[in-house]
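Once you've had a glance at the structure underneath, I'll fire off some questions.
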Amino acid sequence: MKRYSPKDIESKWQKYWDDNQTYKADLNSSKPKYIGMSMFNYPSGAGIHIGHAMNYTISDVMARFKRQQGFESYHPVGWDAFGLPAENYAIKAGVSPQESMAKIIPDYHKQYKAMGWSNDWSKEIATHEPKYYKWSQWIFTQMHKHGLAYQDSRMQWWCEKDNTVLANEQVIDGKCWRHDGPEDPLVEKKEIKQWFFKITDYADELLEATDALDWTPSVKLAQKNWIGRSEGAEVTYKVQDSEHSITVFTTAYDTMYGTTFLVVAPEHELVPFLTDPEHLAEVEAYQKATFLKSELERQAEKEKTGVFTGAYAINPLSGRPVPVWIADYVLVGYGTGAVMGVPGEDERDYEFAQKFGLDIIYTTKQQEFVSDTDIKANPEKYIIANSEEFDGMTFLEGRPKILAKLVSVGAGVAKVNYRLRDWSVGRQRYWGAPIPIINCEKCGQVLVPEEDLPVVLPELKDFQPNGDGRSALARATEWLKVPCPQCGGEGERETDTLDTYICSSWYMLRYLDPDNDQAPFGSEVANKWMPVDFYNGADHATAHMIYARFVTRFFHKIGLLENPEPFKKFLYNGKVTAANGEMFSKSKGNGVDPLEIIAQGYGADALRTYLMFAAPLDLWVKWDPQGVPGTFRFINRVWNITQDFLEAKTTDENDEKVLQAIHPAIKKVTEDLETQKYNTAIATLMKATNDLYEYKAKTGIKSEKDWRFAAESLVMMMGPFAPHAAEELWHDLGHTDTLQRDHWPVYEEKYLTSNTMTIAIQVNGKLRGTISVASDASKEDIIAAASSDEKVKTYLVSEPKKTIYVPGKLVSFVV
RNA sequence: GCGAGAGUGGCGGAAUGGUAUACGCGACAGACUUAAAAUCUGUUUCCCACAAGGAUUGAGGGUUCAAGUCCCUCCUCUCGCACCA
């Protein structure tokens with residue numbers, strides 16, 4: 001009998017699929033479209049690891065399932081080639097990033113193919129190619145023209161190791177996301193001129209559209225929290241004996257009669273004007289200390305700190321003068337950078353007041369501390385006090401009235417704030433797309449005209465950053481000097497490069513039209529293929545996934561795209577860890593190399609099937625060295641029973657039992673694949689295979705027609721998980737076309753049930769036996785059979801008070 | 001601290017309020033073999049020597065003829081956010 005040997009068949013079919021362009025998608029096909037993908041790879045030189053094997057197999061299974069079902073299924077492939085991992089790898093390797101990419105990417109090709117992923121290589125993209133990043137730069141120019149790109153001087157996170165600015169989301173626990181080891185330094189802050197995209201303009205619509213998305217719920221929640229909408233008011237306090245006034249943002253303006261102090265951030269622009277000579281030294285010392293502190297230190301501090309400025313501000317409603325303090329618990333980047341201190345209803349303000357002996361006024365009838373979040377949760381339960389004419393009202397009544405009064409005295413205005421900050425899009429590193437801006441002494445900052453794009457990144461010998469805050473492009477003197485597009489005078493190119501998140505924010509659209517040199521993508525093809533039907537990844541729940549939504553919405557707004565959302569379905573899948581739950585890492589040396597497992601003889605099919613079987617996709621998988629041998633056995637069993645069938649002397653008789661085993665499996669597997677319940681789909685296939693073995697042992701393989709149907713169904717359904725073995729068996733079964741397109745079994749309702757069914761019998765809620773009855777037996781017959789069962793009789797000590805019959809399931813007696 | 005989710009055999013995990021422990025791993029036994037591997041067959045939640053029986057889905061309570069599933073209280077773990085006013 002022909003034995004299962006992955007080594008012999010996997011490379012054979014990989015070559016066949018390549019030669020026949022089996023996975024090339026026809027974007028103009030009249031078939032229904034399906035596009036599924038995992039987040040693309042950033043090639044770092046290390047090759048694929050087990051996490052990649054997990055991620056890309058998830059989308060590959062979906063793409064294969066749909067392709068076999070008859071969809072025009074597109075499983076694209078590309079490379080997020082710009083960015084620090086690639087640049088750092090090139091530095092280590094002592095070559096330019098361009099050279100190293102030219103070497104690395106072909107290696108990845110081999111590895112992807114060895115995994116049996118059904119990518120369409122004819123439409124491959126890479127973000128470091130000028131023909132791609134021309135359009136990343138074009139996006140920058142469009143954002144600029146629509147007033148969504150601006151430059152601002154800000155305190156920015158700075159990673160000492162990478163010599164670059166970091167976005168907020170790239171700072172994790174006070175450290176750089178790429179350097180978060182125990183020996184790595186904390187990030188610092190530097191004042192740097194930076195380009196920003198005004199994503200905050202889209203905060204509201206991004207938030208509103210989140211609920212309707214068919215995404216992993218935790219990611220939707222994370223996005224909502226990230227956007228962080230909060231409704232409140234801006235309230236202005238006049239500073240006593242001064243022309244200045246301080247505007248605070250508050251969501252609890254209904255407690256503002258309880259204000260006993262104001263706090264402004266140490267970085268606040270008014271601080272120099274508020275501070276009187278007596279307090280100047282202290283204030284400046286505090287500012288300096290804050291400035292030097294890392295974010296981590298600032299967060300780790302339990303005790304509140306702060307100093308008094310000497311200024312007093314007037315509560316616009318009560319007229320009460322309150323002292324103005326500076327303290328680092330107030331953040332300069334949120335709201336107005338100033339808050340009103342209401343220690344009676346705010347925990348942080350309470351701590352602050354306690355520490356510095358400031359007054360406390362309670363604005364609730366209880367006259368004790370009630371958190372403003374409690375008040376907001378139950379505004380009808382709390383009564384206002386110490387608030388002049390509002391005393392005695394519930395907060396539900398008083399809240400709008402207090403706001404109305406604030407507005408009428410000209411001291412307040414309703415205001416919505418977002419936690420989301422604008423997107424910092426410039427990086428002071430070489431390996432990225434140059435920002436298409438020319439600085440001219442006369443004209444200022446001028447966009448590179450669209451017809452001059454791309455601004456090609458010059459290939460430099462020395463591309464390492466030197467720590468002056470500018471990228472190596474500052475040293476590319478020839479490249480740097482360019483005439484101003486407006487006045488023709490001397491100009492100098494911008495030396496910042498674009499954040500790689502820009503390249504990855506629109507790549508799914510480029511997949512649809514990778515060679516277009518007139519536009520980032522054609523609207524017609526994009527309108528047909530967007531949104532992406534299935535997307536998955538184990539990272540980037542907020543940053544990438546929000547930026548992609550933002551840029552897609554921008555395209556929608558400027559009329560390039562009908563659908564404002566990029567991803568219809570997003571699965572945030574789990575990662576693979578070592579058996580002890582530790583993350584795989586190079587330094588620990590506990591990695592599992594997928595290619596090695598394939599080479600050991602288990603093959604890609606068994607590896608793929610194990611990864612999809614081990615757990616539901618949203619859970620983390622602990623690597624089990626026995627797992628792949630286990631799924632190998634399963635594939636082997638399907639293989640052997642198919643070969644058994646091919647060698648059996650069959651007849652033209654019928655075998656309903658076989659059909660009753662396979663048809664329910666077809667139903668279950670098809671449904672489970674639709675919702676990415678891969679583990680139970682595979683379990684169902686295993687069960688069906690076991691059932692076939694059982695029938696083979698009992699009655700042998702007789703019915704040519706029914707056994708063929710069972711074997712072919714099994715092979716087809718195994719296809720998405722184990723495509724090589726399935727393809728080989730498909731051809732063994734006599735087919736000459738590929739299994740991969742348009743071959744999926746369909747179940748028939750009449751085989752979903754058998755002629756007998758098993759009924760459970762309960763007495764007083766306890767299982768006391770089971771009976772087997774004909775499927776068409778009447779309720780009366782079944783109850784009669786149940787009550788005459790020998791075992792059950794011993795428990796039926798008296799006439800049942802109640803008898804419940806659940807059709808096809810059970811009989812329950814109450815005695 | 002706030003928010004979300006989860007606790008089921010030795011392990012990964014299954015289960016529209018209706019026979020808990022599917023499927024796989026591991027373990028044990030048998031068949032085949034000179035032998036081993038591979039393969040095939042069987043057993044495997046726990047308690048009791050076996051059977052009969054009983055217990056069992058983190059703990060406790062409730063609803064129901066019937067609860068892993070629904071409700072309440074508590075414990076533990078994981079993941080997000082983290083002084084956002």
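A note on names: the letters A, B, ... follow the listed sequences, proteins ahead of strands, and every chain is numbered from 1. Please read these numbers as outputs of a predicted model, since none were measured by experiment.
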Q: Verify the distance criterion only: is there a donor paired with an acceptor across the side chains of A:Asp422 and A:Thr200 at less than 3.5 Å?
A: yes

Q. Aromatic rings A:His540 and A:His544: how do their planes relate, parallel, tilted or perpendicular, breaks at 30° and 60°?
A. perpendicular

Q. With sugar-phosphate meaning primed atoms plus P, OP1 and OP2, does A:Gly630 contact a base, only sugar-phosphate, or nothing at under 4.0 Å between heavy atoms?
A.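 Answer is sugar-phosphate: A:Gly630 comes under 4.0 Å of backbone atoms only.
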
Q) Between B:A22 atom P and A:Phe634 atom CZ, what is the distance in whole Å? A) 18 Å

Q. Out of A:Lys766, A:Arg768, A:Gln762, which one pairs with A:Tyr795 under the side-chain hydrogen bond (donor to acceptor under 3.5 Å, both in side chains) rule?
A. A:Arg768

(Q) Need one value for A:Thr758: base, sugar-phosphate or nothing, where a base atom within 4.0 Å counts as base even if backbone is also close, heavy atoms only. (A) base

Q.
Nearest whole Å is fine: how far is B:A85 C1' from A:Glu351 CD?
A. 14 Å

Q: Compare the minimum distances between each of B:A22, B:G24, B:C25 and the side chain of A:Met686, then state the nucleotide with the smallest one.
A: B:G24

Q: Using whole Å, report how far CE of A:Met757 lies from C1' of B:G18.
A: 14 Å

Q. Minimum heavy-atom separation for A:Tyr418 to A:Arg229, with atom names?
A. OH-NH1, 3.2 Å

**Q.** A:Arg637 vs B:C23: side-chain N/O to OP1/OP2 distance below 4.0 Å
**A.** no

Q. Any side-chain N or O of A:Arg633 less than 4.0 Å from the OP1 or OP2 oxygen of B:G26?
A.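 A:Arg633 to B:G26 OP1/OP2: side-chain N or O found under 4.0 Å.
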
Q: Classify the angle between the aromatic ring planes of A:Phe261 and A:Phe352 as parallel (below 30°), tilted (30 to 60°) or perpendicular (above 60°).
A: tilted

Q.
From C-beta outward on A:Ile804, which listed nucleotide comes closest to its side chain: B:G24, B:A85, B:G18?
A. B:G18

Q. Going by distance alone, is a donor N or O of one side chain under 3.5 Å from an acceptor N or O of the other, for A:Asp672 and A:Thr680?
A. yes

Q. Can you list the stems that RNA chain B is part of, where a stem is at least 3 pairs in a row, each Watson-Crick or G-U, with both distances below 3.5 Å?
A.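 Correct response: B:1-7 with B:75-81, B:10-12 with B:23-25, B:26-31 with B:39-44, B:45-47 with B:53-55, B:58-62 with B:70-74.
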
Q: Provide the distance between the two C1' atoms, one in B:G53 and one in B:G18, to the nearest whole Å.
A: 23 Å

Q: For B:G58 versus B:U64, give the span between their P atoms, rounded off to a whole number of Å.
A: 23 Å

Q. Within the structure shown, what part of the strands sits under 4.0 Å from A:Asp372 by heavy-atom distance: base, sugar-phosphate, or nothing?
A.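 No contact.
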
**Q.** Euclidean distance for P, B:U45 against B:A4 (whole angstrom)
**A.**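 My reading of the P atoms in B:U45 and B:A4 gives 38 Å.
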
Q. Please give, in whole Å, the distance from B:G5 P to A:Lys224 NZ?
A.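 Roughly 12 Å, once rounded to whole Å.
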
**Q.** Whole-Å gap separating C1' (B:C65) and CD (A:Glu799)
**A.**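 For the pair A:Glu799 CD and B:C65 C1', the rounded distance is 16 Å.
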
(Q) So A:Val806, base contact, sugar-phosphate only, or nothing? Heavy-atom distance under 4.0 Å. (A) base

Q | A:Arg3 or A:Tyr795, whichever maps to the more 5' nucleotide of RNA chain B | A |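 The residue whose closest nucleotide sits nearer the 5' end is A:Arg3.
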
Q) Any side-chain N or O of A:Asn690 less than 4.0 Å from the OP1 or OP2 oxygen of B:G24? A) yes

Q: Round to a whole Å and report the spacing from CD1 of A:Ile326 to C1' of B:A85.
A: 18 Å

Q) Which pair of heavy atoms, one from A:Ala760 and one from A:Leu767, lies closest together, and at what distance? A)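 Scanning both residues completely, I find the closest heavy atoms to be CB-CD1, 3.8 Å.
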
Q. Within the structure shown, what part of the strands sits under 4.0 Å from A:Thr250 by heavy-atom distance: base, sugar-phosphate, or nothing?
A. sugar-phosphate

Q.
Using atom P in both nucleotides, what's the gap between B:G42 and B:A67 to the nearest angstrom?
A.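 The same atom, P, in both gives a distance of 34 Å.
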
Q.
If the cut-off is 4.0 Å, is A:Ser230 near the phosphate of B:A85, judged by side-chain N/O to OP1 or OP2?
A. yes

Q: Please work out if A:Arg768 contacts a base, only the sugar-phosphate, or nothing of the nucleic acid, heavy-atom cut-off 4.0 Å.
A: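 It contacts sugar-phosphate atoms only.
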
Q. Do the rings of A:Phe632 and A:Tyr602 sit parallel, tilted or perpendicular, given the 30° and 60° boundaries?
A.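 Judged by the thresholds at 30° and 60°, the geometry between A:Phe632 and A:Tyr602 is perpendicular.
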
Q: Using a cut-off of strictly less than 4.0 Å, decide whether A:Gln762 has a side-chain nitrogen or oxygen near OP1 or OP2 of B:A66.
A: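 The answer is no; no side-chain N or O of A:Gln762 sits under 4.0 Å from OP1 or OP2.
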
(Q) Can you check the distance between B:U16 and B:U69, where both ends of the measurement are the C1' atom (answer in whole Å)? (A)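 Pairwise C1' distance, B:U16 against B:U69, rounds to 10 Å.
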
**Q.** Short side-chain N/O contact from A:Arg419 to OP1 or OP2 of B:C83, under 4.0 Å
**A.**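 For A:Arg419, the contact criterion (side-chain N or O under 4.0 Å from OP1 or OP2 of B:C83) is not met.
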
Q: Indicate, with a heavy-atom threshold strictly under 4.0 Å, whether A:Leu221 touches base, sugar-phosphate, or nothing.
A: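 Sugar-phosphate: the residue A:Leu221, judged by heavy atoms under 4.0 Å, touches backbone atoms but no base.
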
**Q.** B:G5, syn or anti by chi within 90 degrees of zero
**A.**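 This nucleotide is in anti.
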
Q.
Counting only side-chain nitrogens and oxygens, does A:Tyr334 get under 4.0 Å of the OP1 or OP2 atom of B:A85?
A.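 Answer yes for this pair, as a side-chain N or O of A:Tyr334 is under 4.0 Å from OP1 or OP2.
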
Q) Does the base of B:U16 carry an N or O that pairs as donor and acceptor with the side chain of A:Lys809 under 3.5 Å? A)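 Checked by distance alone, the answer is yes.
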
Q: Please state whether the phosphate of B:C65, meaning OP1 or OP2, lies under 4.0 angstrom from any side-chain nitrogen or oxygen of A:Lys802.
A: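 Checking A:Lys802 against B:C65: at least one side-chain N or O falls below 4.0 Å of OP1 or OP2.
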
Q) Hey, is OH on A:Tyr350 packed in by over 12 heavy atoms from elsewhere, all under 6.0 Å? A) no

Q. Are A:Arg549 and A:Trp226 in a cation-pi contact, defined as NZ or CZ under 6.0 Å from the six-membered ring centre and within 45° of the axis?
A. no

Q | Test item: side-chain donor near acceptor, A:Thr373 and A:Ser371, under 3.5 Å | A | yes

**Q.** Nearest heavy atoms of A:Ile199 and A:Arg421, plus distance in Å
**A.** CG2-O, 3.4 Å

Q: Give a yes or no on whether the backbone of A:Ala725 and the side-chain of A:Asp605 come within a donor-acceptor separation of less than 3.5 Å.
A: yes

Q | Contact state string [nucleotides 7-15 of chain B, B base, S sugar-phosphate only, - no protein heavy atom under 4.0 Å] | A | -----BSS-

(Q) Rounding to an integer number of angstrom, what distance separates B:C32 and B:C25 when you compare their C1' atoms? (A) 24 Å

Q) What's the CG-P distance between A:Asp349 and B:A85, to the nearest Å? A) 12 Å

Q. B:U41 and B:C23: how far apart are their P atoms, nearest whole angstrom?
A.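 Taking atom P in both B:U41 and B:C23, they lie 13 Å apart.
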
Q) Taking atom P in both B:G68 and B:A55, what distance in whole Å separates the two? A)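 The same atom, P, in both gives a distance of 13 Å.
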
Q. Closest to the A:Val330 side chain: B:A85, B:C23, B:U39?
A. B:A85

Q: Starting at atom CG of A:Leu767, determine the distance to atom P of B:A67, rounded to an integer number of angstrom.
A: 13 Å

